[in-house]
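These figures come from a predicted structure and were not determined experimentally.
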Amino acid sequence: MTNSTDHEPPTDWTKVASLADFPPGGVLRVLLEGHAVVLLRTEKGIHAAQGSCPHERADLGQGRIEDCHLVCPRHLAKFDLETGAPSAGWVVAPLKLYPARSVEGTIEIDMAAVRSNPPMGHKTVWDLSSG
């Protein structure tokens with residue numbers, strides 16, 4: 001018999017902010033291990049997403065929340081905070097979302113998820129020193 005936890009990805013819950021740092025409807029940009037992430041507080045709870053718009057890299061920390069959508073400050077595209085899907089008419093990659101939670105007044109993000117699917121993608125380092 002296989003234990004269901006054998007297939008669950010590892011987690012690394014990391015404290016990133018205080019719930020008191022921002023009110024309901026607020027957006028807070030944080031830098032975590034070099035990755036820009038936005039925290040969003042909706043009536044459904046705490047959400048975390050990549051910090052730049054997948055369209056033209058606008059700072060989503062300057063965005064606003066409408067219902068359970070994040071509105072890009074540059075082009076007003078909306079992203080669903082449950083699925084990451086862009087609003088109708090936008091041909092752009094979905095917003096990357098990350099597990100987030102509130103525990104005893106602090107906000108935690110699963111940094112293992114951020115590391116495995118970085119907001120700006122995995123960086124390639126080219127080694128041109130060998131001939």
> Return the minimal non-hydrogen interatomic distance between Asn117 and Tyr98, and the atom names on each side.
O-OH, 2.6 Å
> Mind checking whether Leu97 and Phe79 have side chains closer than 4.5 Å, heavy atoms only?
no
> Restricting to non-hydrogen atoms, name the atom on Cys68 and the atom on Lys44 that form the minimum distance, rounded to 0.1 Å.
SG-CD, 4.0 Å
> Might you work through the side-chain contact (heavy atoms from CB on, under 4.5 Å) test for Glu33 and Val114, ending with a clear yes or no?
CA-CA 9 Å; Glu33 297 179 11; Val114 174; over 6 Å; no
> Heavy atoms, side chains only, cut-off 4.5 Å: are Lys15 and Ile107 in contact?
no
> Can you confirm whether Ile109 sits close enough to Ile46 that some side-chain heavy atom of one is under 4.5 Å from a side-chain heavy atom of the other?
no
> State yes or no: do Val38 and Leu95 share one hydrophobic cluster built from I, L, V, M, F, W and Y residues joined by side-chain heavy-atom distances below 4.5 Å, directly or via other members?
yes
> Considering non-hydrogen atoms only, spot the tightest contact between Ala49 and Leu40 and give its length.
CB-CD1, 4.3 Å
> Keeping Glu56 on the side-chain end and Ala58 on the backbone end, is there a donor-acceptor pair under 3.5 Å?
no
> Please step through side-chain contact (heavy atoms from CB on, under 4.5 Å) for the pair Met120 and Arg57, ending with a clear verdict.
CA-CA 9 Å; Met120 300 302 290; Arg57 308 291 183 228; 3.1 Å; yes
> What is the minimum heavy-atom distance between Leu76 and Arg64, and which atoms define it?
CD2-NH1, 4.0 Å
> Would you check if the side chain of Thr11 reaches a backbone N or O of Trp13 as a donor-acceptor pair within less than 3.5 Å?
no
> Val30 and Ile65: same hydrophobic cluster, using ILVMFWY side-chain contacts below 4.5 Å?
no
> Would Leu60 and Phe22 show up in the same hydrophobic cluster when neighbours are defined by side-chain heavy atoms closer than 4.5 Å?
no
> Leu39, Val71: one ILVMFWY side-chain cluster at the under-4.5 Å cut-off?
no
> List the residues meeting side chain to side chain contact (heavy atoms under 4.5 Å, CB included) with Ser18, not counting sequence neighbours, and say none if there are none.
Ala20, Asp21
> Is there side-chain contact between Arg74 and Gln62, with heavy atoms separated by less than 4.5 Å?
no
> Say whether Val37 and Leu19 are linked into one hydrophobic cluster, either directly or through other cluster members, by side-chain heavy-atom distances under 4.5 angstrom.
yes
> Spell out, as yes or no, whether a donor-acceptor pair under 3.5 Å connects the side chain of Arg29 to the backbone of Gly51.
yes
> Compare every heavy atom of Ala17 with every heavy atom of Leu28, then report the nearest pair and how far apart it is.
CD2-CB, 4.0 Å
> Might you point out which heavy atoms bring Leu32 and Val16 nearest each other, and give the distance in Å?
CD2-CG1, 3.4 Å
> In terms of side-chain geometry, is the basic nitrogen of Arg101 or Glu108 positioned less than 4.0 Å from the acidic oxygen of its partner?
yes
> Please determine, by modelled atom types, if Ser87 and His69 share a side-chain donor-acceptor pair under 3.5 angstrom.
no
> Who pairs with Asp12 by side chain to side chain contact (heavy atoms under 4.5 Å, CB included), at least two apart in sequence or on another chain?
Thr14, Asp110, Met111, Ala112, Arg115
> Counting only heavy atoms from other residues, nucleotides and ligands, does the tally under 6.0 Å from NZ of Lys96 exceed 12?
yes
